[in-house]
Colleague: 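Take a look at this one; I'll ask things after.
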Amino acid sequence: MSITRPELWWFIVLRQNEVSIKRGRKAMIIKISICDGNVDALHDIESQLYHIASELEGERELHVQLQIKTYCYEAVLVEEIQSGRYYPDMLLLDINLPKENGIDIAMKLRGSGYQGRIIFITHADGYYLEAFDVHAYHYILKDYNNNARFKQVLKNCIQDVIEDEMEYILLNRLGETRKILLESILYFEANRRLLKVYFREGGKEQSYEYYSSIGKMENLLLGQGFVRCHRSFLVSIRAIALLASNGGGLYQLELVNGEKIPLGASYVEGVKEMLNIRGKSIRKGQRMHLQTEKGD
């Protein structure tokens, strides 16, 4: 796959009474090819894709960068994919192309090893079974009176491409398996033999309880952007909004959702090291802010 995973980078800005750490996110690049003999259709589909990407940026707090190539002639498309000069994550393909049938083009590409998602967008309604043979993601009739459904299929496909590149954990409890994206997790809390993970899903904050230990989870997530902040808490670095000292060796973290969790004195330096501020002292009443901003 040609998509780059979103990575984090840090900027440290020293101010008079605080250390401010800004966090940005690189773009997730999604490559898309559109092949249609109708130039107006190419422009319309391309415009809708950019609009959908803009919507997803707001919903996922992720910079989605589309690289779109359009083709009126299928031979150029096939040559670029088979040569490896351009390998799209998504291929939007008409069936009634100038020289060849779109189904035949898809079969040719699958035969040469192309594994991206294929969506047929066409006026032809008699090729549903053939579309299954090439493992098409979807088959959409060009019905612009049903534009909402058309956009939803494209949006779902883009989201699936994004999630394929996201890392996640599988948690098991009494035969039930739960898949949770790492980027959605806020923190883990231990209570004896039980762990509870707090995360965001579908725009809502949720939790899931299962049997494990905080130490085992810390080892599992080593190098994945999580830090132990207390004997009972493991927190996602991206979820931290503020680090504060209350004096007397007492510290706490405030998360992006406003929750406050304790920061044990023995874990302070480890947290500061993860934030690239190791060696900075935290005086009573001093606050260290972690601000999120989108990168280019």
Side-chain angles (χ1 to χ4, degrees), residues 1-3 28-53 55-56 59 64 66-166 168 170 177 179 181 202:
M1 300 290 286
S2 58
I3 305 175
M28 171 168 282
I29 302 172
I30 300 177
K31 294 184 177 181
I32 302 176
S33 292
I34 314 170
C35 187
D36 195 307
N38 185 323
V39 175
D40 291 336
L42 286 174
H43 291 163
D44 180 70
I45 296 168
E46 184 177 13
S47 175
Q48 294 201 50
L49 285 167
Y50 283 123
H51 180 72
I52 291 167
E55 288 182 352
L56 286 172
E59 294 174 9
V64 181
L66 301 186
Q67 290 184 0
I68 300 176
K69 295 195 71 172
T70 58
Y71 305 82
C72 286
Y73 297 99
E74 60 274 21
V76 181
L77 166 76
V78 172
E79 195 278 329
E80 288 206 339
I81 293 178
Q82 290 184 336
S83 68
R85 286 210 309 272
Y86 192 77
Y87 195 95
D89 305 295
M90 293 168 53
L91 171 58
L92 280 54
L93 192 60
D94 194 3
I95 288 180
N96 296 321
L97 294 169
K99 292 187 177 181
E100 290 189 67
N101 182 291
I103 294 289
D104 294 335
I105 295 298
M107 287 183 175
K108 187 181 299 184
L109 292 173
R110 289 297 194 218
S112 63
Y114 176 66
Q115 297 181 359
R117 288 173 167 81
I118 297 176
I119 298 177
F120 290 106
I121 303 175
T122 180
H123 286 297
D125 61 358
Y127 294 90
Y128 290 102
L129 293 178
E130 290 86 347
F132 280 109
D133 291 337
V134 294
H135 308 289
Y137 181 87
H138 217 291
Y139 190 106
I140 308 174
L141 291 177
K142 288 182 178 177
D143 177 9
Y144 294 104
N145 293 322
N146 194 7
N147 197 45
R149 178 176 177 273
F150 176 75
K151 286 181 61 178
Q152 190 60 51
V153 170
L154 297 182
K155 185 175 183 178
N156 289 345
C157 190
I158 292 174
Q159 290 190 113
D160 286 348
V161 171
I162 291 172
E163 291 188 7
D164 275 355
E165 295 304 312
M166 295 293 186
Y168 60 87
L170 291 175
T177 300
K179 175 181 176 180
L181 289 172

Colleague: With sequence neighbours left out, what residues match E80 under salt bridge (Lys or Arg N to Asp or Glu O under 4.0 Å)?
Modeller: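 With sequence neighbours excluded, E80 shows a salt bridge (Lys or Arg N to Asp or Glu O under 4.0 Å) to K69, R85, given in chain and number order.
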Colleague: Identify the heavy atoms of Y50 and I68 that sit nearest to each other, and give their distance.
Modeller: CZ-CD1, 3.7 Å
Colleague: First locate atom CD1 of I34, then atom CD of E46, and finally report the distance between them rounded to the nearest 0.5 Å.
Modeller: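 Taking CD1 in I34 and CD in E46, the distance rounds to 5.5 Å.
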Colleague: Return the SG to CD1 distance between C35 and I45, rounded to the nearest 0.5 Å.
Modeller: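 C35 SG to I45 CD1: 10.5 Å, rounded to 0.5 Å.
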Colleague: Looking only at atom types and distance, does a side-chain atom of Y87 sit under 3.5 Å from a main-chain N or O of Q115, one as donor and one as acceptor?
Modeller: yes
Colleague: Could you grab the distance from atom CG of L77 to atom CG of L93, nearest 0.5 Å is fine?
Modeller: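 If I round to the nearest 0.5 Å, the distance is 7.0 Å.
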Colleague: Between D160 and K155, is the salt bridge (charged side-chain N to carboxylate O under 4.0 Å, His left out) condition met? List the steps.
Modeller: CA-CA 9 Å; D160 286 348; K155 185 175 183 178; over 6 Å; no
Colleague: Could you state the interatomic distance from CG (D89) to CD (Q67), rounded to the nearest 0.5 Å?
Modeller: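 Separation between the atoms: 9.0 Å.
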Colleague: With side chains defined as the heavy atoms from C-beta onward, is the minimum distance between Y168 and L170 less than 4.5 Å?
Modeller: yes
Colleague: Under 4.5 Å between any side-chain heavy atoms of V78 and I105, yes or no?
Modeller: yes
Colleague: Are any of the side-chain heavy atoms of R110 and I118 separated by less than 4.5 Å?
Modeller: yes
Colleague: Of the options D36, D125, D40, D44, which is the one that meets K142 in a salt bridge (charged side-chain N to carboxylate O under 4.0 Å, His left out)?
Modeller: D36
Colleague: With sequence neighbours left out, what residues match N38 under side chain to side chain donor-acceptor pair (under 3.5 Å)?
Modeller: none
Colleague: For the residue pair G37 and L97, what are the closest heavy atoms and their distance?
Modeller: N-CD2, 4.2 Å
Colleague: Rounded to the nearest 0.5 Å, how far apart are CG of N101 and CE of M107?
Modeller: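 Nearest 0.5 Å value for the CG-CE distance: 8.5 Å.
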Colleague: Would you say the side chain of L154 lies within less than 4.5 Å of the side chain of L92, judging by non-hydrogen atoms?
Modeller: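 Yes, side chains in contact.
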Colleague: Quick check for you: to the nearest 0.5 Å, what is the distance between M90 atom CE and I158 atom CD1?
Modeller: 5.0 Å
Colleague: Please list, chain by chain and in numerical order, all residues satisfying ring pair (Phe, Tyr, Trp, His ring centres under 6.0 Å) with Y128, sequence neighbours excluded.
Modeller: Y139
Colleague: Taking the side chain as every heavy atom from C-beta outward, state whether N156 and Y137 have any atom pair closer than 4.5 Å.
Modeller: yes
Colleague: Taking side chain to side chain donor-acceptor pair (under 3.5 Å) as the test, write out the residues that go with D104, two or more places apart.
Modeller: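 Side chain to side chain donor-acceptor pair (under 3.5 Å) list for D104, sorted by chain: empty.
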Colleague: Looking at side-chain heavy atoms only, is the closest gap between E100 and K108 below 4.5 Å?
Modeller: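 In contact.
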Colleague: Would a distance-only check, ignoring hydrogens and angles, find a side-chain to backbone donor-acceptor pair under 3.5 Å from R149 to V153?
Modeller: no
Colleague: Determine the minimum heavy-atom distance between V39 and C72, stating which atoms define it.
Modeller: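 Closest pair (atom of V39, atom of C72, distance): CG2-SG, 3.6 Å.
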Colleague: Would you please name every residue forming a side-chain contact (heavy atoms from CB on, under 4.5 Å) with K99, sequence neighbours left out?
Modeller: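 Partners of K99 under the side-chain contact (heavy atoms from CB on, under 4.5 Å) test: E74.
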Colleague: Check whether S47 reaches the backbone of H43 with its side chain - one donor and one acceptor, N or O, closer than 3.5 Å.
Modeller: no
Colleague: Under a 4.5 Å cut-off applied to non-hydrogen side-chain atoms, are L109 and Q82 in contact?
Modeller: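 Counting from C-beta outward, L109 and Q82 do come under 4.5 Å.
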Colleague: Determine the minimum heavy-atom distance between K151 and I52, stating which atoms define it.
Modeller: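 Of all heavy-atom pairs spanning K151 and I52, the closest is O-CD1, 3.5 Å.
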Colleague: If you define the side chain from C-beta out and look only at heavy atoms, does anything of I32 sit under 4.5 Å from L49?
Modeller: yes
Colleague: Tell me the closest heavy-atom pair linking F120 and G102, and the distance in Å.
Modeller: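 Shortest heavy-atom separation between F120 and G102 comes out as CE2-O, 3.8 Å.
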Colleague: Kindly write out the residues that satisfy ring pair (Phe, Tyr, Trp, His ring centres under 6.0 Å) with Y71, not counting sequence neighbours, or none if the list is empty.
Modeller: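 In terms of ring pair (Phe, Tyr, Trp, His ring centres under 6.0 Å), with neighbours along the sequence ignored, Y71 is linked to no residue.
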